[in-house]
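One-based numbering, in listed order, for ligands and for the atoms of each. Residue numbers start at 1 and run along the sequence shown.
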Amino acid sequence: MSRIFLSPPEVGPEERQMILDAFDSNWIAPLGPDVDAFEAEFAEFVGVGHAVALSSGTAALHLALLLEGVGPGDEVLVPSFTFIATASPVCYVGAEPVFVDCAASTWTIDPDLVAAELEERARGGRLPKAVVTVDLYGQSADYDRLQASCLEYGVPLIEDAAEALGGTYRGRQTGSFGTTGIFSFNGNKIITTSGGGMMVTESAEVAERARYLATQARDPFPHYEHTVIGYNYRLSNLLAALGRAQLRGLASRVARRRRINHAYREALADLPGVEFMPVADYGEPNYWLTCITIDPELFGVDREDVRLALEEADIESRPTWKPLHLQPVFAGSRTVGGSVSAGIFERGLCLPSGSAMTSSEISSVTELVQRLSR
Ligand SMILES: *Cc1c(COP(=O)(O)O)cnc(C)c1O
């Protein structure tokens with residue numbers, strides 16, 4: 001028996017072939033035909049005008065904030081219940097994150113709290129420079145309400161869809177609800193380029209500016225001429241070839257992750273004290289990770305006992321995100337609410353959910369969890 005990982009990359013002969021083709025074409029560069037094709041295919045899939053391939057999701061978010069004009073002294077509303085990479089780019093640009101709790105019914109940023117916070121800040125003349133939302137574990141945030149609030153106060157919405165490629169909200173692809181959206185192709189995400197990311201936008205001007213900033217902000221001269229400081233954030237052509245092959249397999253990956261989620265529900269949903277991350281009725285997640293909460297009073301042992309027992313059996317699982325307002329690096333940050341995400345963190349566990357997981361691997365997990373319950 002080999003180790004069962006949380007969400008390992010899954011690549012096959014098509015990925016291998018496309019990388020070799022790119023290699024043989026001699027485009028071993030941070031630019032090239034596979035980058036252009038990956039961007040075009042990706043934009044079409046998400047249903048947006050433009051996509052810009054970048055070196056990571058974090059880089060994509062950094063550029064998105066810069067392009068919305070976020071800078072020193074600004075504040076940005078960010079969900080507390082997420083990976084730190086949602087908030088660190090806010091700090092890169094010298095702004096301050098303000099952490100907003102999630103709704104218990106979706107685990108995504110609470111639209112009531114966002115609306116109330118924007119209203120109060122509008123009255124005090126201290127509107128944030130942007131709102132960043134996260135489509136958590138593959139489930140979209142509630143965009144009808146979030147977009148309405150942002151529109152009302154003229155605050156740009158940036159959608160961090162790093163975990164949610166292939167999920168939908170009211171039939172539309174996640175990533176398409178912000179003025180800009182970002183995705184990640186890190187090794188553990190639903191598709192991977194080993195490392196990489198994408199920014200999407202309807203604005204040709206924003207896309208052009210992102211490409212410019214991502215290639216050291218080179219002005220159009222035969223020599224190297226620069227009027228602003230740029231970054232080295234472009235995706236290499238070889239990795240774009242890998243991404244194109246992965247994108248072709250996305251629908252099947254989503255289908256398999258959904259089946260894994262359903263298999264876990266069938267085996268574990270009736271155990272005392274076990275609850276699954278709720279699926280909102282407004283959309284269909286990509287089921288990137290299946291997450292549960294464990295109430296130790298009812299279940300018999302706590303989340304950490306379950307995680308360690310799985311680890312003992314060489315099965316990787318992980319606590320749900322530790323809320324950012326509880327992270328030492330953000331001690332003292334402004335926070336709106338916080339008890340909902342703190343409660344989920346105390347009890348939450350992400351189960352192995354890789355798209356290549358076999359039924360017998362799923363059974364190894366579920367049988368062990370069943371044995372631990374009272
Ligand atoms: C993975 C992730 C990111 C960062 O993406 P990278 O490609 O690893 O830089 C940002 N936000 C969320 C919510 C993520 O899960």
Side-chain angles (χ1 to χ4, degrees), residues 5-9 38 42 51-66 76-93 97 99-100 102 106-109 130-141 146 157-167 169 174-175 177-178 180-200 210 214 231-236 239-240 242-243 246-247 257 277 285-291 318-325 327 329-330 341 344-345 348 350 353-354:
F5 288 100
L6 189 70
S7 181
F38 188 30
F42 197 91
V52 181
L54 297 163
S55 54
S56 71
T58 309
L61 193 50
H62 185 190
L63 292 183
L65 290 163
L66 286 171
V76 176
L77 301 194
V78 170
S80 183
F81 194 43
T82 181
F83 181 46
I84 192 163
T86 305
S88 25
V90 173
C91 303
Y92 300 168
V93 302
F99 297 112
V100 180
C102 65
T106 66
W107 293 17
T108 60
I109 194 167
V131 173
V132 180
T133 60
V134 174
D135 304 323
L136 198 80
Y137 297 124
Q139 169 153 280
S140 154
L146 292 165
L157 189 159
I158 298 173
E159 180 177 2
D160 177 352
E163 302 171 358
L165 178 64
Y169 177 77
T174 56
F177 295 91
T180 46
I182 72 101
F183 293 91
S184 166
F185 312 128
N186 197 3
N188 59 357
K189 298 289 157 64
I190 196 154
I191 70 168
T192 183
T193 57
S194 70
M198 194 75 84
M199 174 197 288
V200 295
Y231 303 86
N232 181 5
Y233 276 175
R234 283 295 256 167
L235 187 69
S236 91
L239 298 185
L242 179 52
Q246 290 264 296
L247 187 60
R257 295 218 189 215
M277 175 179 175
N286 70 358
Y287 296 100
W288 174 53
L289 293 183
T290 291
C291 305
R318 196 169 292 159
T320 49
W321 301 126
K322 178 173 181 176
L324 298 182
H325 74 275
Q327 295 287 357
V329 69
F330 291 125
S341 52
I344 297 170
F345 172 60
C350 306
S353 308

Mind listing the N or O contacts between ligand 1 and protein, cut-off under 3.5 Å?
from	atom 1	to	atom 2	distance (Å)
ligand 1	5 (O)	S184	OG	3.2
ligand 1	7 (O)	G57	N	2.8
ligand 1	7 (O)	S184	OG	2.7
ligand 1	8 (O)	N186	ND2	3.3
ligand 1	9 (O)	G57	N	3.3
ligand 1	9 (O)	T58	N	2.9
ligand 1	9 (O)	T58	OG1	2.5
ligand 1	11 (N)	D160	OD1	3.3
ligand 1	11 (N)	D160	OD2	2.7
ligand 1	15 (O)	E163	OE2	2.6
ligand 1	15 (O)	K189	NZ	3.2

Short side-chain donor-acceptor distance under 3.5 Å, S7 and R257: yes
Donor-acceptor pair, side chain of S80 and main chain of L324, under 3.5 angstrom: yes
Donor-acceptor contact present, side-chain N186 to main-chain S56, <3.5 Å: no
Closest heavy-atom pair and its distance - L157, F177: CD2-O, 4.1 Å
Sidechain-backbone polar pair: E159 side chain, G175 backbone, donor-acceptor under 3.5 Å: yes
All side-chain hydrogen bond (donor to acceptor under 3.5 Å, both in side chains) counterparts of Q246, not counting sequence neighbours: E15
